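None of the values given here were measured: they were computed from a predicted structure.
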Amino acid sequence: MKSGESGSSPAGHRVLEEIRPTARRPLDLLLGVVGVLAVVGVLLIVRVASGETEPGAPEELRALLPESLLVLVAGVANITVMVLIGVTAVERLLRGEFRQITRALVAGAAAYALTGAVNAAVVAVSGPGGPPAVLAASEAHSVFTNPLHAYLAAAVAYLGGPLGHLARVRAAMWAGVALTSAAAVLAGVTTPLSLLLTVVVGWTCASLAGYAVGLARPVPATDRLVRELRRFGLDPLSLTPDGTDSEGNQRFAVLTVDRRLDVVLMRADDTRGLWKRLLGVLLLRDPVAPPILLGLHRRLEHAALMAFAARSAGAAAPRVVAIGELGLGTVALVLEHVRLTLLDDTADDDLTDAALDGVWAELALLHRHRIVHGNLNGDTVGWRLCGRVAFAGLSGGGVAAVALKASLDQASLLAVLALRVGERRAVDSAVRVLGVETVAGVLPFLQKAGMPFGLRRRLRAHDGDVLGGLRSRITEIAPEAPARPARLERMRPRTVVSVVAATAVGVALAYQLTGVDFSTIAEADLGWASAAFAASLVCMLAAALALMGFVPIRLDLGKTILVQYAGSYIRIAAPAGLGSLAINTRFVTRMGASPGVAISAVGLSQVVGLITHLPLLLVCAYLTGTAYLADFSPSNTFVAVTALLSVAIAVVVLHPRLRHAVTDRVRPYFQGTVPQMLDLLQHPRRLAMGVGGTLLLTAGFVMCLYFCIEAFGGSAGLAAVAVVFLAGNAIGSAAPTPGGIGAVEAALLGGLTAVAGVPAAVGLPAVLLYRLFTFWLPVLPGWGAFHLLQRWKAI
C-alpha cells in the first residue's frame, strides 16, 4: 500500500479523530442564545406591563414563617454553599482541571454582573409606576437583589458546570441554593417569577461560559500538525499523545508507514520552563544560572541546536527530522524515535559496573565538546536497544559551556546514580572513567542549589543524606579534595521570601502611616483603655483554663497562669505558637504527665483552637458588612475570606516545598491527639473547660481589640473586629518572625481599614495599644514568671 493511501484509510482517520476531544458544545451556545432572548423578552414585557399592581408575593405567604427563622436557615445555607464552592474549586485545581474552574468562576462572575445589569434595565424601562408587582418584590433593597437576585444567579451559574464526580457535594449545594431561594420568597425579598428569571440568567451564563471557555483543554492544532507532517512527506497513520517533557511541552508519538517519530509541540502559552529558568537566574550566580529563553522561536531554536550539537559530537541523540510552524503560537519539532530504557525503569541487576561506566563515558563525550545537559535525572538517562547510553531532555542544556557547568552536570549525575546504586558505587564508577582528580573537583558542587529542580525533589523525598554520603566517599578517595562548597547562590529562597515579606509589610505600614498623628496614642480614653487591659488579663486566664481542660492530670490554676505569662516571654525569641507549645509541654511533664501524654494533650489544645478558629472566621465574616437580614445574600467580606482560604489551601497543596513546610509546622500539634480526643470525649467537664477556655481566649482578644478602637474614638462592628483578629492571628502564626512582629500589625491595620471601616488615624494607635497589652506588656511579668517557675522546677 502506498503511503498516500495509508494516510487516508478509515482506521487512520478514526485514530486521528480519537485524539480530538470536543472543546465546545454547540448546545451550550444554543442554550445561551435562548436565555438571552428570554431575558430580552422579559424586558419588553416589563416595558408594556409596567405599573400593574397585582401583588406578586401576598402577605399570607410572608407570614407563614417568622423572619428570624428564615434568616437563620438562609445563613446556614449560604455558608454551606460558599464553603463547598471553595472546596470544589480546590478539588478541581488539585485534579489539574484549570479550564473547568475557570469556566465555573467566569460563569458565576458573569451571572452576578448580568443580574445587576438586568435589574438596572428593568428599572429603566419601567414606567412611573415602577416594575410590575409580579416581578418586583415589595421588600426591595439593592440593584443586585431586586427584581433578580444576583447571588442566587451566580450560584446557579457555578453549579451549571460539570461536577459529576462530586454528586453528593453538588446535591448539597443545590439544596443550599434551594433553601436560600425559598427563604427569600417567603420573606418578600423576591417573587416566584423573579426567582425563575434568576435561574434563567444563571443557566444562560453557565452555557455561554461553557461555550466560550470550553469543556477541557484541547489537543493543540492536531489537524494542522497532520497537514504539516504531510507537507514534509511524513504521512501519519496514527497520532498519539505521549505526555509532556520537563519543559512542559506536549509530546506526540507519530506512526508512519516505515518508522515512528516523536513530535514535540511548543506553545507560546506553556511557560513552566520559563518560570523555572527565571527563578534560577534570580537565585543562582551568573556562571551557574540557566539561559533565559524568551520567545517561542528562541526555545525552538535552542532545542534544535542542542539536538544538532549532540549528534555532531557523536552522542546517541535523536536526529531532527523537521521543524514545523502550526500557527496560533504553536511550533513542532519532529525527531526520530529513539527507544530508551530509562534509569528509573532499569532493574537493579542490570545496573552493572559496565553500565555505570557507559553513562560516565557518554557524559564525558558531551563535555569534551563543551556541551552540558543541565537536566540530568532518572528519567533523562537511559540505554538504547543496542546497549549504548543516551540522554533525553537535552533542550535544557547548553553549548560552549564553561567548565563550571560541566562540574554541575557531574555532581548531578553522581546524585542520580547514588539514588539507585548507592554513594560508593556512584563515586567509584566516576573515578574509573573520569579519574580521581576530576571527581575530587566535583566535591565543592555537591549541593542542591546547582542541581535540576526534579533532582532536588527526589533528594528531598529520599531517606538519608545522599549528598553527604557522596562527599564522604570522595574525601576517602581524595583527602586533598577541596572541601569548601562553591558559592553558587546569589541568595537563598528563604532570603528572597524574607525580603519580599519585609518589603510588603513595610509598604503596607508606610501606606497606612500616611497622615497619622502619633500624638493621638497618648490621648486614649482611660476607661476604654482600662477595659482593653482587663480583656488582655482575661486572655491569660482563658489560656490557662483551656490547658487545664485538655490535660488529663490536675493542674494548679495559679501556676498554669504563670506558665502562660512565661510563654509570652518565650515567644519574643520564637515563631508564633512554637514557644507556648514547648513551655506548656514542659510544664505538663513536670507536673507528672509522661512526655507522650504531655505532647499529645498540649497538641490537642492547639488542634481544638485551629478547629474552632475557622468556623468562627466564616461565621463572623458572614455577619460582617452584609444586609443578610434584608436580602439573604452573603457579604463581600465572607466571599473574599472564602476565596482567600481556598487559594491559600490550593497553593499549599500544589506547591511541594510549601506543603512540606506547612506539614512540618503543624505536625507537632497533631501528634498523638486522637487518643487524647477520645479520652476527652468521655469527660464532659474537662471538654467543656477546654473548649470554653478556647472560646473565651478568642473572645478576650477580640474584645481587647474592640475596646482599643473605642479608646481612640473609633467605631466598628464586633463581627468585623472578630474577622480582623482571626485573620491577623492566622497571619501571625504563619509569619516566620517571633510573635508575628510586623506581619500581625500590618494585617490588623489593613483589616481594620478595609473590613471594619476604621480610619488609619484611629486604626494605627488602636493596633499599637492592642499589641502593647497583648504582646509587649506581658513580657516583663513573663520574665519573672519564667525564672520563678524554673526555681520551683515547674518548667
Side-chain angles (χ1 to χ4, degrees), residues 69-93 100-116 141-142 144-145 148-187 189-190 194-196 198-206 209 614-650 719 723:
L69 178 60
L70 297 177
V71 168
L72 178 61
V73 170
V76 174
N78 288 341
I79 293 176
T80 302
V81 170
M82 291 302 301
V83 170
L84 291 180
I85 287 177
V87 170
T88 54
V90 172
E91 191 269 345
R92 287 175 174 178
L93 289 175
Q100 303 292 9
I101 185 59
T102 301
R103 172 185 176 178
L105 294 178
V106 168
Y112 196 91
L114 180 59
T115 302
H141 298 285
S142 74
F144 289 104
T145 56
L148 277 60
H149 204 289
Y151 159 69
L152 293 176
V156 169
Y158 184 91
L159 288 171
L163 281 174
H165 62 288
L166 297 174
R168 295 183 178 179
V169 173
R170 186 173 187 175
M173 296 171 70
W174 276 119
V177 172
L179 286 174
T180 303
S181 302
V185 171
L186 292 175
V189 173
T190 188
S194 297
L195 184 61
L196 177 61
T198 298
V199 175
V200 170
V201 169
W203 275 110
T204 299
C205 292
L614 184 58
L616 285 174
L617 176 61
L618 293 176
V619 171
C620 293
Y622 184 80
L623 300 177
T624 300
T626 181
Y628 63 96
L629 292 175
D631 59 22
F632 297 92
S633 60
S635 65
N636 294 333
T637 302
F638 178 74
V639 174
V641 168
T642 306
L644 290 176
L645 287 175
S646 302
V647 171
I649 293 173
V723 171

- [ ] Measure the shortest side-chain to side-chain distance between L645 and L614 over non-hydrogen atoms and say whether it is less than 4.5 angstrom.
- [x] yes

TODO: Quick one: pull up OG1 in T204 and CG in L114 and give me the separation to the nearest 0.5 Å.
DONE: 7.5 Å

TODO: Grab the two heavy atoms, one from R103 and one from A209, that are nearest each other, plus how far apart they are.
DONE: O-CB, 3.8 Å

Task: Straight-line distance of I101 CD1 to I85 CD1, nearest 0.5 Å - done: 9.5 Å

Task: Approximate separation, where rounding is to 0.5 Å, of L70 CG and L179 CG - done: 10.5 Å

Open item on the list: With heavy-atom distances below 4.5 Å as the criterion, would you say the side chains of N78 and F638 are in contact?
Closed with: no

Task: Pairwise side-chain contact, L618 with Y622, heavy-atom cut-off 4.5 Å (strictly under) - done: no

Open item on the list: Assess the residue pair L195 and H149 against the criterion (side chain to side chain contact (heavy atoms under 4.5 Å, CB included)); give the C-alpha distance rounded to whole Å, side-chain angles, the decisive distance to 0.1 Å, and a yes or no.
Closed with: CA-CA 7 Å; L195 184 61; H149 204 289; 5.9 Å; no

Open item on the list: For A89 versus Y158, what's the shortest heavy-atom pair and its separation?
Closed with: N-OH, 3.6 Å

Task: Heavy-atom closest contact (A157 atom, C205 atom, distance) - done: CB-CB, 4.4 Å

Task: Short side-chain to backbone donor-acceptor contact, T180 and A77, under 3.5 Å - done: no

Open item on the list: Would you say that V177 contacts L152 through its side chain, given a criterion of any heavy-atom pair below 4.5 Å between the two side chains?
Closed with: yes

Task: Heavy-atom closest pair, residues A621 and T637 - done: O-CB, 4.0 Å

- [ ] Mind checking the CG-CD1 spacing from L84 to I79? Nearest 0.5 Å is all I need.
- [x] 11.5 Å

TODO: Heavy atoms only: give me the nearest V201-A111 pair and the separation to one decimal.
DONE: CG1-O, 4.2 Å

- [ ] Please report the shortest heavy-atom distance between V81 and M173, naming the atom on each side.
- [x] CG2-O, 3.7 Å

